[in-house]
Amino acid sequence: LQADKSPPSLLQTLFQSPDDGWQVYTSAQAPDGKCLCTAVIPVQGTCSRDLRSRQLRQLMEKVQNISQSMEVLDLRTYRDLQYVRNTESLMKGLDSRLKVATESQKSLNTKSFQVNPLQIPVCQDVVRSLHWSLSGWEELAGPSHLAMRCRRLGRFLSCNRSLCPAAGCGKLTGVSNPITIRASGSRFGSWMTDTMAPSADSRVWYMDGYYKGRRVLEFRTLNDFITGQNFVQHLLPHPWAGTGHVVFNGSLYYNKYQSNIVVKYHFRSRSVLVQRSLNSAGYNNTFPYSWGGFSDIDFMVDENGLWAVYTTNQNAGNIVVSKVDPQTLEILRSWDTGYPKRSAGESFMICGTLYVTNSHLAGAKIYFAYYTNTSSYEYTDIPFHNQYSHISMLDYNPRERVLYTWNNGHQVVYNVTLFHVIKTSGEL
């Protein structure tokens, strides 16, 4: 046998152990002189090589992903550096103007100092201090602390309303730790305040459940909402679907159950003012968020007005964001974000930018941003503490500058941090 003529050293080199190579079990010589052998396939033969190849491919994919993440991080760092450099140049310009002003008081004029956004650090510091004072709420227990909680939350929201509007719009850079307002209702639902109401109006609307519901509770104040008292009930003429409802200028905007019809219901007159089909929009769990719940159509409000987020077959399941006329419910303009809606946990609008979370469960983060003003997008990495592990509603309130969430039977708010570029007259 030729296998017997192979040098032992070579066999040892090729096969370090019996499990590493083919083993000759029996051998014989046929009448025509050919060698007949019975061999045993090694335990780790071609399969082990396939495993090593697969591991190598996975390692290469991880390296590519890390490389792409580094490129995104590098781009974001470059942009942030540009913001800082621009701000530095603007501050130098302001400093020079102040020096000129001290030398000649006659040169002072209102156009020289259009820097109202300088109030931004003051607002952020006040909100931050209030947040820290409120962070111990969950450690309090008993009715004796309830009034204190309500007063503190009222000061927190009124601070955002009175100070922060002067700051203008900006880019989202951070989300605070959650502040739990109340634990009530089922796992899914929505709650909100009117984004267009005056500061003295602190009514809260509460809608428990995600489909076929018709009962909307209107609480007179935030204090009443926390205690569950002093509310009136509205019975909608059509049941709702999902949790993407908003209250805007005295009316409720919601998706009618088992349809792509959107409804505007006026609370004072207790009547439907207008309803319209959102053409081609998916409904009835065709294109929901990752948590399901008939969340096909999601209304939102920001500093620019009323929006609708949904998906169509023509957009291949990607998120579509549309500007909506609040009077007629007509679509004014739409953008295809390119982000698959079923991969999104939730989304919200701030200053014309759609922010998307990558999950509704624990570990979620704000992962994607689409800018309607430039029709562009970027991937983000903004931490987002999902305290109760299942978010079924997430909306931004531009009046109070906070995020409202319904998280596994808990009503929660988050403060947001926006990055602003200070602008002076005649400069960027």
Using the rule ring-ring contact (aromatic ring centres under 6.0 Å, His included), only one of Trp240, Phe188, Tyr254, Tyr257 pairs with Tyr210; which is it?
Phe188
Do [X] and [Y] touch side chain to side chain, with heavy atoms closer than 4.5 Å?
X: Val204; Y: Met192; value: no
X: Val309; Y: Leu354; value: yes
X: Tyr396; Y: Met300; value: no
X: Asp201; Y: Ser199; value: no
X: Ile179; Y: Tyr414; value: no
X: Ser376; Y: Tyr370; value: no
X: Ile261; Y: Leu278; value: no
X: Phe384; Y: Ile391; value: yes

Quick one, Thr337 with Phe368, criterion side chain to side chain contact (heavy atoms under 4.5 Å, CB included). Give me CA distance, side-chain angles, the key distance, then yes/no.
CA-CA 10 Å; Thr337 66; Phe368 179 85; 4.2 Å; yes
When you check the gap from the basic side-chain N to the acidic O, do Glu378 and Lys171 get nearer than 4.0 Å?
yes
Salt bridge check, Asp381 against Lys365: does any charged N sit closer than 4.0 Å to a carboxylate O?
yes
Closest heavy-atom pair and its distance - [X], [Y]:
X: Val262; Y: Leu329; result: O-CD1, 3.5 Å
X: Asp302; Y: Gly352; result: OD2-N, 2.6 Å
X: Leu394; Y: Phe348; result: CD2-CD2, 3.6 Å
X: Gln387; Y: Pro178; result: OE1-CG, 3.2 Å
X: Ala344; Y: Ile319; result: CB-CD1, 4.2 Å
X: Tyr310; Y: Ala281; result: CD1-CB, 3.6 Å

What distance separates [X] [atom1] from [Y] [atom2], expressed to the nearest 0.5 Å?
X: Trp406; Y: Met207; atom1: CH2; atom2: CE; answer: 10.0 Å
X: Asp208; Y: Thr243; atom1: CG; atom2: OG1; answer: 11.5 Å
X: Ser190; Y: Trp205; atom1: OG; atom2: CH2; answer: 12.5 Å
X: Lys256; Y: His238; atom1: NZ; atom2: NE2; answer: 4.5 Å
X: Asn279; Y: Gln314; atom1: CG; atom2: CD; answer: 10.0 Å
X: Thr227; Y: Phe219; atom1: OG1; atom2: CZ; answer: 8.0 Å

Can you confirm whether the side chains of [X] and [Y] place a donor and an acceptor under 3.5 Å from each other?
X: Asp296; Y: Thr286; answer: no
X: Asp224; Y: Thr221; answer: yes
X: Thr193; Y: Asn397; answer: yes
X: Ser184; Y: Tyr206; answer: yes
X: Ser251; Y: His266; answer: no
X: Ser280; Y: Thr312; answer: no

Do the side chain of [X] and the main chain of [Y] share a donor and acceptor less than 3.5 angstrom apart?
X: Thr380; Y: Ile382; answer: no
X: Asn255; Y: Ile297; answer: no
X: Arg182; Y: Phe225; answer: yes
X: Asp336; Y: Gly338; answer: yes
X: His245; Y: Gly242; answer: yes
X: Asn386; Y: Gly363; answer: no
X: Thr353; Y: Tyr371; answer: no
X: Asn285; Y: Phe294; answer: yes
X: Thr195; Y: Arg399; answer: no
X: Asn304; Y: Leu306; answer: no

Count the heavy atoms belonging to other residues, nucleotides or ligands that lie under 6.0 Å from [atom1] of [X], then report whether that count exceeds 12.
X: Tyr339; atom1: OH; value: yes
X: Arg215; atom1: CZ; value: no
X: Tyr211; atom1: OH; value: no

Is the distance between the ring centroids of Tyr404 and Trp191 under 6.0 Å?
yes
Please state whether the rings of His234 and Tyr265 are parallel, tilted or perpendicular, taking 30° and 60° as the class boundaries.
perpendicular
Taking the six-membered ring for Trp, are Tyr379 and Tyr377 parallel (under 30°), tilted (30 to 60°) or perpendicular (over 60°)?
perpendicular
Please walk me through it: do Glu346 and Tyr355 pass side-chain hydrogen bond (donor to acceptor under 3.5 Å, both in side chains)?
CA-CA 9 Å; Glu346 273 287 346; Tyr355 294 95; over 6 Å; no
Test: disulfide bond (SG atoms under 2.5 Å apart). Region: residues 192-273. Which pairs qualify, not counting sequence neighbours?
none
Keeping to residues at least two apart or across chains, list the disulfide bond (SG atoms under 2.5 Å apart) pairs with something in residues 284-387.
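Listed once each, the pairs are Cys169-Cys351.
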Assess whether side-chain hydrogen bond (donor to acceptor under 3.5 Å, both in side chains) is satisfied between Ser290 and His360, documenting all intermediate values.
CA-CA 7 Å; Ser290 61; His360 63 283; 2.8 Å; yes
Please walk me through it: do Arg270 and Leu235 pass side chain to side chain contact (heavy atoms under 4.5 Å, CB included)?
CA-CA 8 Å; Arg270 294 180 178 264; Leu235 193 62; over 6 Å; no
Taking Tyr289 as the fixed residue, which of Ser295, Ser359, Ser392 is the one that meets the side chain to side chain contact (heavy atoms under 4.5 Å, CB included) rule?
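With Tyr289 as partner, Ser295, Ser359, Ser392 yield a single side chain to side chain contact (heavy atoms under 4.5 Å, CB included), made by Ser295.
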Worked check of side chain to side chain contact (heavy atoms under 4.5 Å, CB included) between Tyr253 and Val324:
CA-CA 11 Å; Tyr253 295 80; Val324 179; over 6 Å; no
